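First up is the structure itself, then whatever we jot down about it.
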Amino acid sequence: MVRTRFAPSPTGFMHIGNLRTALYTWLIARQNNGKFVLRIEDTDTARYVEGATDVIYNTLRQCGLDWDEGPDKDGGYGPYIQSERMNTYKGYAEQLVNEGKAYRCFCDKERMDKLHNEQKSNGETPHYDRHCRNLTADEISKKLEAKIPYVIRQKVPESGETTFVDELYGEITAPNKDLDDQILIKADGMPTYNFANVVDDHLMEITHIVRGNEYLSSTPKYNLLYEAFGWEIPKYIHVEHIMRDKTHKLSKRDGDAYFSDYVKKGYYIPALINYIALLGWSPKGEQEKFTLDELITEFDIAGLSKSPAVFDEVKLRAINALWLRSMSELEFAALIFPYIKQAVKRLDINFELLVHCLQPRAELLTEIPEKVDFIDAVPDYSIDLYVSKKMKTTPESSLSALLTLLPLIEAVEIFDNEHIYNAVMEKVNEMGVKNGVLMFPLRTALSGKAMTPGGGTEIAAIIGKDETIKRIKDAIVKLKSEC
RNA sequence: GGCCCGUUGGUCAAGCGGCUAAGACACCGCCCUCUCACGGCGGAAACAGGAGUUCGAUUCUCCUACGGGUCACCA
């Protein structure tokens, strides 16, 4: 049975990189009919943020990453909040002490600081000198009786090397002499993060560990711990970081590191997930647009990249646009309706046509309002807008075009795009001119904008006959007085 | 600094000893077109450098350079 876990710290934000880790972890569980476990690692009380756990829940839910076990869903491996498991760790450390695989260290902070400073000034990497590793039983019991505080450290072999296998990187070997006798239990009796992790993952029977690349160097120590306990070692999959550029990680400072940043910017969540999945992973075929369900079948850790990926918002926009374009018109309508309402209060317009025109032109949801803001009222505009070299129009020619158009439009009975278009084209053919000669001034008169979602006749159909006629008349007045 | 990992066009990336070195985004040009888009066609653009191994290296080995990670009683 495959069991994977996502173990975030409740910081109040969901980093894009963490979300991607969660996604990959979730995918591995789902494609193996396994369990996806959510464990909250809240032991850093200094960093505790009110409501931070809800951010984790909400983000995962919004993204469709459902968990089988978690703080709110007991699967028999609880508790799933690390701070509630604090009494389970020390016993395991004591077990290692009894077996001679770990030891109590009574060195205080002063001695450690002094030691580290000396090592640094000697040009050495700061490390523990194993001062307490070989205390006699007598010395130990004396110190215990004197109630001298202690930590429990793991006995790391002094020579040899430790090898572990990463599913992506293959075998990685580190010399044991570079590994410190790491602390398992702190002086306050609490476990260190690394120790708690190993114990929790074992107790929860986690089979695959997906985590950031920053853990690659500490994994040998993890392995040593598993070996000391005689526990089965899980499969490791270390994934590279997501970068802002070649040398910098996505950061909080630049406001581009969190899931919520992108939702705020108007990205559609399934598209965002799609893009994140592709950052550092490449599918076998040419397909690029993936739903979560498709990812479950397509995802393969063999396609993961070993080098960091730069987050490209331009590409994200493109994927987002691809999603918006390829959904059904009905779905798209429901999605953008709130954004249309932000700018459009009128109700007597052809929403269906508006949505139809908007769909191929939408990239970000938040850009919708500015695209439709002319519908309620024509903005102030300069008559220079009527100048187009390509359409061969000027304010003067536009004035006469609108004067031609007015009676023609007034005569259109069925006021939809097709009928308006045919009416205008009939005149265009009669005049023997480019259709832009009439179409361009119409569109400008109706919108007061250089770019609109749709052509002149479409906009006329959207805003309706009365409004169209009114706007043409207004434009005629404007052109007469300003030409 | 020690140790670990990485390095294919601007970006994401395919490639797993023999290819004119894919594809996508972005960029440029053309077509379509009632503006802008969508769509279609085409273009420019890459194996970090050097030694090996091999008949043959983007692919295997080593070195160099560059980049990242890690060396806490933090998680």
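Bear in mind the structure is a predicted one, so any value in this text is a computation, not a measurement.
Between R443(A) and C36(B) there is no side-chain N or O to OP1 or OP2 distance below 4.0 Å. Dashed line: the shortest gap from a side-chain N or O of K186(A) to OP1 or OP2 of A75(B) is under 4.0 Å.
If you check the side chains of N194(A) and Y215(A), you find no donor sitting under 3.5 Å from an acceptor.
With C34(B), A37(B), G69(B) as the candidates, the nucleotide lying closest to the side chain of N435(A) is C34(B). Across G6(B), G69(B), C25(B), the shortest atom-to-atom separation from the side chain of S307(A) is found for G6(B). Checking C4(B), A75(B), C71(B) against the side-chain heavy atoms of L216(A) singles out C4(B) as nearest. Comparing A13(B), G67(B), G69(B) by their nearest atom to the side chain of N213(A) picks out G69(B). Residue N417(A) places its side chain closer to C34(B) than to any other of C34(B), A75(B), C12(B). Closest to the E214(A) side chain, of the nucleotides U70(B), C4(B), G68(B), is U70(B). Taking every side-chain heavy atom of K246(A) into account, U11(B) is the closest of U11(B), U70(B), C73(B). Nearest to the side-chain atoms of Y169(A) among the listed nucleotides G67(B), G6(B), A24(B) stands G6(B).
S9(A) places no side-chain N or O within donor-acceptor distance of the main-chain N or O of T11(A), the cut-off being under 3.5 Å. Under the 3.5 Å distance criterion, the side-chain polar atoms of D42(A) are matched with a main-chain donor or acceptor of S83(A).
S218(A) comes within 4.0 angstrom of nothing in the nucleic acid, heavy atoms only. Within 4.0 Å (heavy atoms only), M391(A) reaches sugar-phosphate atoms of the nucleic acid but no base atom. Residue P220(A) is classed as having no contact, given no heavy-atom separation below 4.0 Å to the nucleic acid. Counting non-hydrogen atoms under 4.0 angstrom, A309(A) reaches the backbone sugars and phosphates but no base. Heavy atoms of R325(A) sit under 4.0 angstrom from primed sugar atoms or phosphate atoms, though from no base atom. Contact annotation for T457(A): base contact, defined as any heavy-atom pair under 4.0 Å involving a base atom. Within 4.0 Å (heavy atoms only), V310(A) reaches sugar-phosphate atoms of the nucleic acid but no base atom. Residue Y275(A) is out of contact with every strand shown, counting any heavy-atom pair closer than 4.0 Å. Within the nucleic acid shown, A450(A) comes within 4.0 Å of at least one base atom, counting heavy atoms only. If you check every strand for non-hydrogen atoms under 4.0 Å, G285(A) touches nothing. The residue G456(A) sits close to a base: some heavy atom pair falls under 4.0 Å. K434(A) comes within 4.0 angstrom of nothing in the nucleic acid, heavy atoms only. At the heavy-atom level, T452(A) lies under 4.0 Å from base atoms of the strands shown. When heavy atoms are screened at a 4.0 angstrom cut-off, E286(A) is found touching base atoms of the nucleic acid.
Partner Y275(A) forms a ring pair (Phe, Tyr, Trp, His ring centres under 6.0 Å) with one of W323(A), F311(A), Y267(A) and no other, that one being F311(A).
Nucleotides C25(B) and A13(B) are separated by 16 Å at their P atoms, to the nearest Å. Rounded to whole Å, the separation between the C1' atoms of G52(B) and G2(B) comes to 28 Å. A distance of about 49 Å separates the P atoms of G40(B) and C71(B), rounded to the whole Å. Between G10(B) and C27(B), the two P atoms lie 16 Å apart (nearest whole Å). Between G1(B) and G9(B), the distance separating the two C1' atoms is 35 Å to the nearest Å. Comparing the P positions of G29(B) and A37(B) gives an interatomic distance of 12 Å, to the nearest angstrom. Across the P atoms, A57(B) and A51(B) are found 12 Å apart, a figure rounded to whole Å. Across U59(B) and C47(B), the matching P atoms stand 13 Å from one another, rounded to whole Å.
Rounding to whole angstrom units, NZ of residue K306(A) and C1' of G15(B) are separated by 13 Å. Here C71(B) presents its P atom at 10 Å from OH of Y215(A), a figure rounded to the nearest Å.
Sequence order on RNA chain B of the closest nucleotides to D188(A) and F311(A) puts F311(A) first from the 5' end. Mapped onto RNA chain B by nearest heavy atom, L316(A) and N194(A) fall at different nucleotides, with L316(A) at the one closer to the 5' end.
The cationic atom of R325(A) (NZ for Lys, CZ for Arg) does not lie both less than 6.0 Å from the six-membered ring centre of Y268(A) and within 45° of the ring axis. Under the 6.0 Å distance and 45° angle rule, R153(A) does not count as a cation-pi partner of Y103(A).
For Y24(A) and W281(A), the ring centers are positioned 6.0 Å apart or more.
At a threshold of 4.5 Å between non-hydrogen side-chain atoms, the residues I276(A) and L19(A) count as touching.
Annotated as syn: C38(B), whose glycosidic dihedral is within 90° of 0.
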